[in-house]
Amino acid sequence: MGEEVIEMRVEETALSRKPHFVLVHGIGGGSWCWYKIRCLMENAGYKVSCVDLKGSGIDQGDANSILSFDDYNKPLMDLLSSLPDNEQVILVGHSAGGLSITQATHKLAKKIRLAVYLAATMLKLGFWTDQDAQDGVPELSSFGEVYELGFGLGSNEAPTSAIVKKEFQRQIIYQMSPREDSILASMLLRPGPILALKRAQFKEEENGDGIEKVKRVYIKTKHDHVIKPQQQEAMIKRWPPSQVFLLDCDHSPFFSSPFLLFGLLVKAAASVG
């Protein structure tokens, strides 16, 4: 009888445990992007992990020396691989972080309860075709010469890193966000390894049909200048998720609409139990 009571209590504890959210930033960002969302989630009793990808946040890597997507995304893969075998997470990827969570679903599908794409690049196999690039790569030429480029392989080779120039960052990325957040971002953004990102290509046979067993949600951002609404729609049409939500915000809802974003993430998590 005593053993049965213990088993029941263990089962109840497991059922009542709130999900573990793993939050993945976009190019040039870092775990710092999520400070408002992490605060809201932890205050509500959720477990939250915010990862710094290679060369991002406080990681010591240099974007100009990160030449493969596997290298760039290794911190996320290491984090997921280190979790207990019976633990699943809600994986959230912002912007280019969508590529990171897609690779994770290919290789570690059993670790993921739900994949949430937030204004993110959602391409099932990464960059293989011109259409993939058209849908998933920011096209900012209408704003002028917005990038500072790095050439780690030499000036005659393809650029290895990029960052939006400071004078364009608020206009393009944070136009609806509080000014103090865009100022914080201007102090913390780092060049991102664009060559590594362009080399993000995934093979279906890596995990059979595991990627299709992971439920996906897409959160659209209505006034996005980076991953534009028509690009988001194109990716959703090509690889339909189970649910689509819309936020009336810029590319950075973790700054501009943190409470609404928090509510959507909790709602999405509830949809998978």
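Only this structure's heavy atoms are used, side chains among them; waters, hydrogens and symmetry mates stay out.
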Task: Partner residues of Gln231 under the side-chain contact (heavy atoms from CB on, under 4.5 Å) criterion, sequence neighbours left out - done: Ile227, Lys228
TODO: Compare every heavy atom of Ala119 with every heavy atom of Asp224, then report the nearest pair and how far apart it is.
DONE: OD2-CB, 3.4 Å
Open item on the list: Any side-chain to backbone donor/acceptor pair from Lys213 onto Ala109? Under 3.5 Å, distance only.
Closed with: no
TODO: Give a yes or no answer on whether the side chain of Asp135 reaches the backbone of Met235 with a donor-acceptor pair at less than 3.5 Å.
DONE: no
Task: Gap separating the OG atom of Ser49 from the CG atom of Leu83, nearest 0.5 angstrom - done: 7.0 Å
Open item on the list: Which heavy atom of His25 sits nearest to which heavy atom of Cys33, and what is that distance?
Closed with: CB-SG, 4.4 Å
Open item on the list: Can you confirm whether Leu80 sits close enough to Leu91 that some side-chain heavy atom of one is under 4.5 Å from a side-chain heavy atom of the other?
Closed with: yes
Task: Donor-acceptor under 3.5 Å (Thr102 side chain, Gly98 main chain) - done: yes
Task: Cluster check Leu125, Phe69: I/L/V/M/F/W/Y, side chain < 4.5 angstrom - done: no
Task: Any side-chain heavy-atom pair of Tyr46 and Val266 under 4.5 Å - done: yes
Task: Atom pair CD (Gln243) and CD1 (Ile219), whose distance is rounded to the nearest 0.5 Å - done: 10.0 Å
TODO: Nearest 0.5 Å please: distance from the NE2 atom of His20 over to the CD1 atom of Ile90.
DONE: 10.5 Å
Task: Lys18 side chain to Ala44 backbone, donor-acceptor under 3.5 Å - done: yes
Open item on the list: Which heavy atom of Ala268 sits nearest to which heavy atom of Val217, and what is that distance?
Closed with: CB-CG2, 4.3 Å
- [ ] Give a yes or no on whether Leu76 and Ile66 share a hydrophobic cluster (residues Ile, Leu, Val, Met, Phe, Trp, Tyr; joining criterion: side-chain heavy atoms under 4.5 Å apart).
- [x] yes
TODO: For the residue pair Asp181 and Tyr35, establish whether any side-chain heavy-atom pair is separated by less than 4.5 Å.
DONE: yes
TODO: Kindly work out whether a path of hydrophobic side-chain contacts (I/L/V/M/F/W/Y, heavy atoms less than 4.5 Å apart) joins Met176 to Phe245.
DONE: no
Open item on the list: Would you say the ring centers of Phe168 and Phe143 fall short of 6.0 Å from each other?
Closed with: no
- [ ] Any chance you could lay out the side chain to side chain contact (heavy atoms under 4.5 Å, CB included) test for Val51 and Leu53, step after step, and finish with the verdict?
- [x] CA-CA 6 Å; Val51 65; Leu53 299 177; 4.3 Å; yes
Open item on the list: So, taking the atom named OG in Ser252 and the one named CZ in Arg170, what distance separates them when rounded to the nearest 0.5 Å?
Closed with: 10.5 Å
- [ ] Measure up the Tyr174 and Phe255 rings against each other and bin them: parallel (under 30°), tilted (30 to 60°), perpendicular (over 60°).
- [x] tilted
Open item on the list: Is there a side-chain contact between Cys50 and Val48 in this structure, where contact means two heavy atoms from C-beta onward sitting under 4.5 Å apart?
Closed with: yes
Open item on the list: Treating Gln88 as the side-chain partner and Lys111 as the backbone partner, does any N or O pair qualify as donor plus acceptor under 3.5 Å?
Closed with: no
TODO: Taking the side chain as every heavy atom from C-beta outward, state whether Glu157 and Phe151 have any atom pair closer than 4.5 Å.
DONE: no
Task: Short side-chain to backbone donor-acceptor contact, Gln175 and His223, under 3.5 Å - done: yes
TODO: Mark yes when over 12 heavy atoms from residues, nucleotides or ligands other than Lys267 sit less than 6.0 Å from its NZ; otherwise mark no.
DONE: no
Task: Inter-residue atom distance Leu265.CG - Leu260.CG, 0.5 Å rounding - done: 11.0 Å
TODO: Please determine if Glu233 and Lys220 form a salt bridge, counting it only when a charged side-chain N lies under 4.0 Å from a carboxylate O.
DONE: yes
- [ ] May I ask you to test the His225-Asp250 pair for a side-chain heavy-atom distance under 4.5 Å?
- [x] no
TODO: I would like to know whether Leu189 and Val164 meet side chain to side chain contact (heavy atoms under 4.5 Å, CB included); could you show each step before the answer?
DONE: CA-CA 9 Å; Leu189 281 173; Val164 174; over 6 Å; no
TODO: Would you please name every residue forming a side chain to side chain donor-acceptor pair (under 3.5 Å) with Asp132, sequence neighbours left out?
DONE: Thr129, Arg238
Open item on the list: Using modelled atom types and a 3.5 Å cut-off, is there a donor and acceptor pairing between side-chain atoms of Tyr218 and backbone atoms of Ala120?
Closed with: yes
Open item on the list: Trp239 vs Tyr117, test: side chain to side chain contact (heavy atoms under 4.5 Å, CB included). Steps then yes/no.
Closed with: CA-CA 12 Å; Trp239 190 27; Tyr117 291 79; 3.9 Å; yes
Open item on the list: Minimum heavy-atom separation for Ala162 and Tyr147, please, with both atom names.
Closed with: CB-CD2, 4.1 Å
TODO: Look at atom NZ of Lys215 and say whether more than 12 heavy atoms of other residues, nucleotides or ligands are closer to it than 6.0 Å.
DONE: yes
Open item on the list: Check this for me: Lys166, atom NZ, are more than 12 non-hydrogen atoms of other residues, nucleotides or ligands nearer than 6.0 Å?
Closed with: yes
Open item on the list: I'd like to know whether Phe127 forms a side chain to side chain contact (heavy atoms under 4.5 Å, CB included) with Thr121, so could you lay out the CA-CA distance, the side-chain angles of the two residues, the decisive distance to 0.1 Å, and finally the verdict.
Closed with: CA-CA 10 Å; Phe127 293 118; Thr121 302; 4.3 Å; yes
Open item on the list: Do Leu264 and Phe259 land in one hydrophobic cluster if side-chain heavy atoms of ILVMFWY residues count as linked below 4.5 Å?
Closed with: yes
Open item on the list: If we ignore hydrogens and angles and just use 3.5 Å, is the side chain of His106 paired with the main-chain N or O of Lys124 as donor and acceptor?
Closed with: yes
Open item on the list: Test your reading of the model: is there a side-chain donor-acceptor pair from Ser242 to the backbone of Arg216, 3.5 Å cut-off?
Closed with: yes
TODO: Specify whether Phe254 and His94 have parallel, tilted or perpendicular ring planes, treating 30° as the upper limit for parallel and 60° as the lower limit for perpendicular.
DONE: perpendicular
TODO: Using the test salt bridge (charged side-chain N to carboxylate O under 4.0 Å, His left out), find all partners of Lys74 that sit at least two apart in sequence or belong to another chain.
DONE: Asp78
Open item on the list: Can you confirm whether Lys36 sits close enough to Pro178 that some side-chain heavy atom of one is under 4.5 Å from a side-chain heavy atom of the other?
Closed with: yes
Task: From Gln171 atom CD to Lys165 atom NZ, the distance as rounded to the nearest 0.5 Å - done: 12.5 Å
Task: Heavy-atom side-chain proximity of Ile172 to His251 below 4.5 angstrom - done: no
Task: Closest non-hydrogen atom pair between Ser257 and Asp248, with its separation - done: OG-O, 4.3 Å
Task: Cluster overlap Val272 with Ile101, hydrophobic side-chain contacts below 4.5 Å - done: yes
TODO: Would you indicate whether Glu180, at its atom CD, is surrounded by more than 12 heavy atoms from other residues, nucleotides or ligands within a distance under 6.0 Å?
DONE: yes
- [ ] Determine the minimum heavy-atom distance between Gly61 and Arg190, stating which atoms define it.
- [x] O-NH2, 2.8 Å
Open item on the list: Could you check whether any side-chain N or O of Ser161 sits under 3.5 Å from a backbone N or O of Asn64, counting only pairs where one atom can act as donor and the other as acceptor?
Closed with: no
Task: Residue Glu167 excluded, over 12 heavy atoms near CD under 6.0 Å - done: yes
